[in-house]
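Structure, as structure tokens:
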There are 2 protein chains.
Amino acid sequence: MTRPAAASGAVRQGTLRELNLAVVLGRIAAAPRPPSRADVAAATGLTRATVSAVVDDLIAGRLVAESEPAPRAGAGRPARGLVLAGTGPAGLGLEVNVDYLAACVVDLTGRVRHHTVRRADLRPLSPADALARLAALAAAARADAQRQGLTLAGAALAVPGLVDAAGLVRLAPNLGWRDVAVGDLLAAHPPLVDPVPGIPPLVVDNEANLAALGELHADPTGPASFLHVSGEVGIGAGIVLDGALFRGVRGWSGEIGHLPVDPQGRPCRCGGRGCLERYAGQEAVLAAAGLAGADLPADTAAARLADLAAVGDPAARAALAEAGRALGVAVAAVVNLLDLDTVVLGGGYALLTPWLRPPVLAEVSRRVITAGWSPVTVRPSALGPEAAVVGAAGSVVRRIVADPAGWLGRPG
Amino acid sequence: MTRPAAASGAVRQGTLRELNLAVVLGRIAAAPRPPSRADVAAATGLTRATVSAVVDDLIAGRLVAESEPAPRAGAGRPARGLVLAGTGPAGLGLEVNVDYLAACVVDLTGRVRHHTVRRADLRPLSPADALARLAALAAAARADAQRQGLTLAGAALAVPGLVDAAGLVRLAPNLGWRDVAVGDLLAAHPPLVDPVPGIPPLVVDNEANLAALGELHADPTGPASFLHVSGEVGIGAGIVLDGALFRGVRGWSGEIGHLPVDPQGRPCRCGGRGCLERYAGQEAVLAAAGLAGADLPADTAAARLADLAAVGDPAARAALAEAGRALGVAVAAVVNLLDLDTVVLGGGYALLTPWLRPPVLAEVSRRVITAGWSPVTVRPSALGPEAAVVGAAGSVVRRIVADPAGWLGRPG
DNA sequence: ACAAAATAATTCAACCAATGAACAAATAGC
DNA sequence: GCTATTTGTTCATTGGTTGAATTATTTTGT
């Protein structure tokens, strides 16, 4: 987790408190069980007096609540446990995809407090119409959140395409979008959230990126650096380094679909030959398994394939072995380059992990020079297809926890 | 540049000053011309009073010096310029390679104050013998530094191989080293530096990583994120993100030599087919150019090849075109994955850039989806083969500038 | 049942570093 | 020489942490 506040510059006097608010809140969030003030003091090196003062601020700001005293052996006054507040700020996650819209609300503790998915073919709709429907979903989510005593502090929207730093959707091929200013279009509708200083009201990001964050969120005790590969129509990767998404210079990192993986080299629409997408993309895998033309929604297609593989269908097995091999070549390239030790298979791949993992691991151990010293773990995503929405909402919550000063009304 | 100090934990009172020491010093280091105290105050947002106090500490600690008043238009008391001190702490850079040893000293301003290269075939020597010779070189460098009024605050050693986080050289194939505890072997000799709290006396790292840092150091105004590819016997890449080296989970990032690049697929010793190294590695390029078996040292081989290409030798031209194409495929993969906008060709590639660049750019623009929106720059390394040693010494200096508190004798 | 020990949390004077306003220093322009 | 202007320092003030003492609440021992 990066240090927040004053990122570029000086440490002014008030910054001290801002930093310690973040430190203490982060400690409470990371602790396996509700810590006492004394625990936090011991863990951070601050004095108990300081921790008490900081915690008072956090409780007053509804970011932290006291829980039942955790039972402890031995004598002494029992501690009052500190937990992230289940009321207070929450994050709104949104997703526009090819065949559905989704919205969800996640509170500070990470619990999903609201979740709606509306299936519909979005391709025929204009961006403005699609976003109008999304705004309706968001309004319902906001009303539900308010009913539960939550305040939406920010929103994040997942889009299956390239998004630049300003939030402009440069290209979403499967939606047929090009240069769509999502923020401007949504501004025509009622505001999504109650603006909080220091927290952007709407962040637009690639679905693969946000799905990777969702994984981080679903398993906070898991590794802080990993590669999240999601198989959809295209193949997207999200790179998480030290608990933070790595976006690249312009936010376009993770384009893994066109890594060359095959010596034989099937031609690809990108102009190269032997691209990963031609072997492990949804279309290619379904065709190889004899399911071409079924035109199923992404998740049911994966489920159908998993069923076939489970009962031993030879075509499905062969298709998955081939996809896994190709995926393994690409994963090996990434691991050689970035030295990651964990690969999460998400999206359509999650269900198929039992069949994809062996060939992936085989390629990795063959091609990664350091594999002998440090094994690479390949595991399915803990979240299903909803990883991107949940990750989107979680990204808002993460930001609040990383920099609580904005929410507490201090000048950021 | 990452925020230093108390990385994991609390912000105690003294930390405030430590942070501002780093902020002010960093500002002085980054300024294009010597700034006044008032300039620093304006740039950082601190008050002039605070900046004065901080600068007093920095001057007392010999990290900063006052320069001649920079001429300025208009009225007012003339400013006293602040510059990094040319006396005071310095970094020791060391390198062990196949056919030479090197040592250099870099001061805070980035100037190379000492540089020795001793050519010798290191392969027949045991690690202990090789490091004994290196220690002698280091002792001479240290004496020279002291004569110039410099104090060596730390050392970094570049090795052509895989180094783990503890500084153990796991494998250096071209040296024939395996599991060499460099630190322990060097401890038998007189100490390399005067230990400073907060600064490790010896860091061991991969030469490609340190060469990448050298590039950052040679051109401080250049991009903060880039890929540095150095062509030696193998092909190593150093990844610099936001001005810091990206080392990966265990420090083994940058293994780019075995990215698959060719649909035809020449078999490679790594077990894969069509690996980059088989097309753009030194051996492959020299063989293709008809220079096989010449067994030249790395840098003269590259120079010879450049000469041939310059006079239009068709075999050399063809060999470089093919190498460039392969390199381009690999670079495109990296750019798709990490969204970098600058690629630096270093090591043996630096001299060959005029012939490598066109095919690299061609492959990149064909294969990188976002290339249309954001061009990728390919340029030669500013430093020559000495990039790794200079980068090693520079890495020590960078650490002092990023966290001056240790040098100033404060508890880190 | 009661005292002693132990641990948790709060209170308060001291202290450290940044702040802001006032002030001294040094120059250019008139 | 006088004024405007900018630089750098001095000093009382302030925000926030520190450390010791104090209060609160339990377990353990008798």
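Residue numbering restarts at 1 for every chain, and letters A, B, ... go by the order of the sequence lines.
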Compare the minimum distances between each of [options] and the side chain of [X], then state the nucleotide with the smallest one.
{"X": "A/Leu16", "options": "D/dG16, C/dA26, C/dA8", "result": "D/dG16"}
{"X": "B/Ala49", "options": "C/dA9, C/dA21, C/dA28", "result": "C/dA21"}
{"X": "A/Arg80", "options": "D/dT7, C/dT10, D/dT9", "result": "C/dT10"}
{"X": "A/Arg77", "options": "C/dG20, D/dT23, C/dC12", "result": "D/dT23"}
{"X": "A/Arg12", "options": "C/dA9, D/dT7, C/dG20", "result": "C/dG20"}

What is the distance from [atom1] of [X] to [atom2] of [N], rounded to the nearest Å?
{"X": "A/Leu58", "N": "C/dA9", "atom1": "CG", "atom2": "C1'", "value": "16 Å"}
{"X": "A/Arg37", "N": "D/dT23", "atom1": "CZ", "atom2": "P", "value": "19 Å"}
{"X": "A/Glu66", "N": "C/dA8", "atom1": "CD", "atom2": "P", "value": "14 Å"}
{"X": "A/Leu82", "N": "C/dA8", "atom1": "CG", "atom2": "P", "value": "12 Å"}
{"X": "B/Leu21", "N": "C/dA18", "atom1": "CG", "atom2": "P", "value": "8 Å"}

Looking across every strand, which nucleic acid part, if any, lies under 4.0 Å from [X] by heavy atom: base, sugar-phosphate, or nothing?
{"X": "A/Ala38", "answer": "sugar-phosphate"}
{"X": "A/Arg48", "answer": "base"}
{"X": "A/Thr50", "answer": "base"}
{"X": "A/Ser36", "answer": "sugar-phosphate"}

Rounded to the nearest 0.5 Å, how far does [atom2] of [Y] lie from [atom1] of [X]?
{"X": "B/Asp403", "Y": "B/Arg398", "atom1": "CG", "atom2": "CZ", "result": "13.5 Å"}
{"X": "A/Leu202", "Y": "A/Leu157", "atom1": "CG", "atom2": "CG", "result": "6.0 Å"}
{"X": "A/Leu108", "Y": "A/Leu25", "atom1": "CG", "atom2": "CG", "result": "7.0 Å"}
{"X": "A/Asn209", "Y": "A/Leu245", "atom1": "CG", "atom2": "CG", "result": "4.5 Å"}

[N], OP1 or OP2 - any side-chain N/O from [X] closer than 4.0 Å?
{"X": "B/Arg17", "N": "C/dA18", "result": "yes"}
{"X": "B/Asn20", "N": "C/dA17", "result": "no"}
{"X": "B/Ser52", "N": "D/dT9", "result": "yes"}
{"X": "B/Thr47", "N": "C/dG20", "result": "no"}

message = List the residues meeting side-chain contact (heavy atoms from CB on, under 4.5 Å) with B/Ala29, not counting sequence neighbours, and say none if there are none.
response = B/Leu84, B/Val401
inquiry  = Between A/Leu46 and B/Ala53, which residue's closest nucleotide on DNA chain D lies nearer the 5′ terminus?
reply    = B/Ala53
